[in-house]
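Below, chain A is the first sequence line, B the second, and so on; all start at residue 1. Reckoned from all heavy atoms, side chains included, excluding hydrogens, waters and symmetry mates.
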There are 2 protein chains.
Amino acid sequence: MGRPRTPLLDRERITTTALQLIDETGDFSVPRIARRLGVQTGSVYHHVDGRDGIVELLRERVASAIETATLDLAPWDAAVEAWARSYRAAFAAHPRAIPLLMTSPVRAPRVLDQYERAVTRLLEAGFELAGIMALITALENLVLGSALDLAAPETMWEPADSASTPHLAAALAAVGDHRADRAFEVGLAAFMDHARALCESGRS
Amino acid sequence: MGRPRTPLLDRERITTTALQLIDETGDFSVPRIARRLGVQTGSVYHHVDGRDGIVELLRERVASAIETATLDLAPWDAAVEAWARSYRAAFAAHPRAIPLLMTSPVRAPRVLDQYERAVTRLLEAGFELAGIMALITALENLVLGSALDLAAPETMWEPADSASTPHLAAALAAVGDHRADRAFEVGLAAFMDHARALCESGRS
């Protein structure tokens with residue numbers, strides 16, 4: 001009785017507020033979260049494990065949009081390719097969170113579980129243990145670079161006059177719709193071909 | 001006489017200050033540049049073409065570290081590969097500028113000249129006009145994703161206990177030094193193989 005149905009402060013609301021701040025300004029801070037929620041800074045620290053703890057809550061929130069069932073598809077390359085597409089879509093929804101999440105160590109259990117599943121699939125497919133993290137990271141670099149590009153304008157190059165850059169102007173005039181999607185497809189096709197070739201050579 | 005050798009305010013100093021703010025906080029604003037330089041906000045606007053103008057000055061500054069002579073190497077694939085390595089190094093020095101520069105249209109003349117050179121080399125190599133911007137963008141997504149990864153910690157995954165993620169733990173234990181460089185090499189090799197195959201098929 002008299003207790004609010006939605007608590008003023010909980011980890012969900014702190015995460016939502018941190019993500020709003022990042023989407024709007026590119027970063028967050030605990031005092032700014034507190035100000036926006038109308039509470040004392042110390043109250044926020046009661047609920048989370050400091051700034052690093054909020055980063056992991058953010059990671060779980062953004063990564064929760066990745067369809068993890070993709071990693072169960074067969075064969076392994078269909079799984080990796082579908083995971084990459086879903087991963088890109090999840091992070092493209094919050095492009096300004098990408099630099100923060102890419103440059104802090106992954107500790108969120110649910111996200112680590114997703115890496116465990118990816119590593120397991122690649123091991124089962126016959127990849128050598130020593131190269132698996134480099135392979136996954138190469139894919140992530142492509143996925144997250146492409147997610148940032150998806151947040152870029154459709155017209156990304158604006159030469160003042162095409163006379164000084166005639167070949168660029170011609171190449172730009174030849175680009176159709178969905179330029180970011182098409183670039184991602186080129187990068188993903190390159191990665192998948194390379195991964196399949198690596199897998200074949202490892203097996204033989 | 002009496003005139004300071006270094007003017008209090010010029011485009012170089014505005015650019016340097018904007019880049020410092022981005023390196024430190026992830027973003028810049030004209031009022032914050034003015035505060036740091038000890039001048040009125042309006043004075044900054046006298047020297048630059050608004051916020052967008054500063055973004056292009058930042059783009060020229062960061063891109064000036066790319067060795068453009070790489071684009072003159074022969075054959076074309078040596079040029080593209082060396083350009084990609086130099087491009088990654090230039091942007092890895094300012095990882096927090098990457099999202100800003102990736103999501104605003106390219107208008108800086110010197111940077112457009114670099115794209116002109118890249119497009120020209122690919123056309124000369126026999127690539128089809130319609131696919132060239134997608135190819136360049138795919139490479140940039142990889143390069144800039146990898147530049148962000150280079151700013152990440154050497155230990156990027158920290159499972160609380162390896163019992164729940166045994167395969168991930170094993171894959172991490174098998175990773176040697178320079179994990180980010182090795183992942184970039186995997187991605188770059190995949191891209192170059194794909195580009196060479198595209199080039200061959202386009203010629204035949």
Exercise. Which bit of A/P109 is near chain B, if near means a heavy-atom gap under 4.5 Å: side chain, backbone, both or neither?
Worked result: neither
Problem set entry | Contact winner vs chain A - B/A160, B/A171, B/P99, B/G26, heavy-atom pairs under 4.5 Å | B/A171
Problem set entry | Heavy-atom pairs under 4.5 Å with chain B, option from A/A169, A/A147, A/G131, A/A170 with the top count | A/A170
For this session: Calculate, to the nearest 0.5 Å, the distance between atoms CG and CG belonging to A/L148 and B/L101 respectively.
Result: 11.0 Å
Problem set entry | Proximal component of B/L172, with respect to chain A [non-hydrogen, under 4.5 Å] | both
Exercise. Quick one: of A/G176, A/P166, A/A118, A/G187, who has the most non-hydrogen atom pairs under 4.5 Å with chain B?
Worked result: A/P166
Cross-chain donor-acceptor list, chain A x chain B, under 3.5 angstrom:
residue : atom : partner : partner atom : Å
A/D27   : OD2  : B/R96   : NH2          : 3.3
A/R96   : NH2  : B/D27   : OD2          : 3.3
A/V106  : N    : B/M156  : O            : 2.7
A/V106  : O    : B/E158  : N            : 2.9
A/R107  : NE   : B/E158  : OE1          : 2.5
A/R107  : NH2  : B/E158  : OE1          : 2.9
A/E116  : OE1  : B/H167  : N            : 3.1
A/E116  : OE1  : B/L168  : N            : 2.7
A/E116  : OE2  : B/H167  : N            : 3.0
A/E116  : OE2  : B/H167  : ND1          : 3.4
A/T120  : OG1  : B/H167  : ND1          : 2.8
A/N141  : ND2  : B/S146  : OG           : 3.1
A/S146  : OG   : B/N141  : ND2          : 3.2
A/M156  : O    : B/V106  : N            : 2.7
A/E158  : N    : B/V106  : O            : 2.9
A/E158  : OE1  : B/R107  : NE           : 2.5
A/E158  : OE1  : B/R107  : NH2          : 2.9
A/H167  : N    : B/E116  : OE1          : 3.2
A/H167  : N    : B/E116  : OE2          : 3.0
A/H167  : ND1  : B/E116  : OE2          : 3.3
A/H167  : ND1  : B/T120  : OG1          : 2.8
A/L168  : N    : B/E116  : OE1          : 2.7

Exercise. Tell me, side chain or backbone of B/P159 under 4.5 Å from chain A's heavy atoms, or both, or neither?
Worked result: both
Exercise. A/I98, A/L142, A/V186: which one forms the most heavy-atom pairs within less than 4.5 Å of chain B?
Worked result: A/V186
Seminar exercise, completed: Cut-off 4.5 Å, heavy atoms of chain B, and the answer for A/L112 is both
Problem set entry | Part of A/A189 lying under 4.5 Å from any heavy atom of chain B | both
Exercise. So which heavy atom on B/A138 is nearest to which on A/A183, and how close?
Worked result: CB-O, 3.4 Å
Exercise. Is it the side chain or the backbone of B/L123 that comes within 4.5 Å of chain A heavy atoms, both, or neither?
Worked result: side chain
For this session: Name the region of A/P95, side chain, backbone, both or neither, that has any atom closer than 4.5 Å to a heavy atom of chain B.
Result: neither
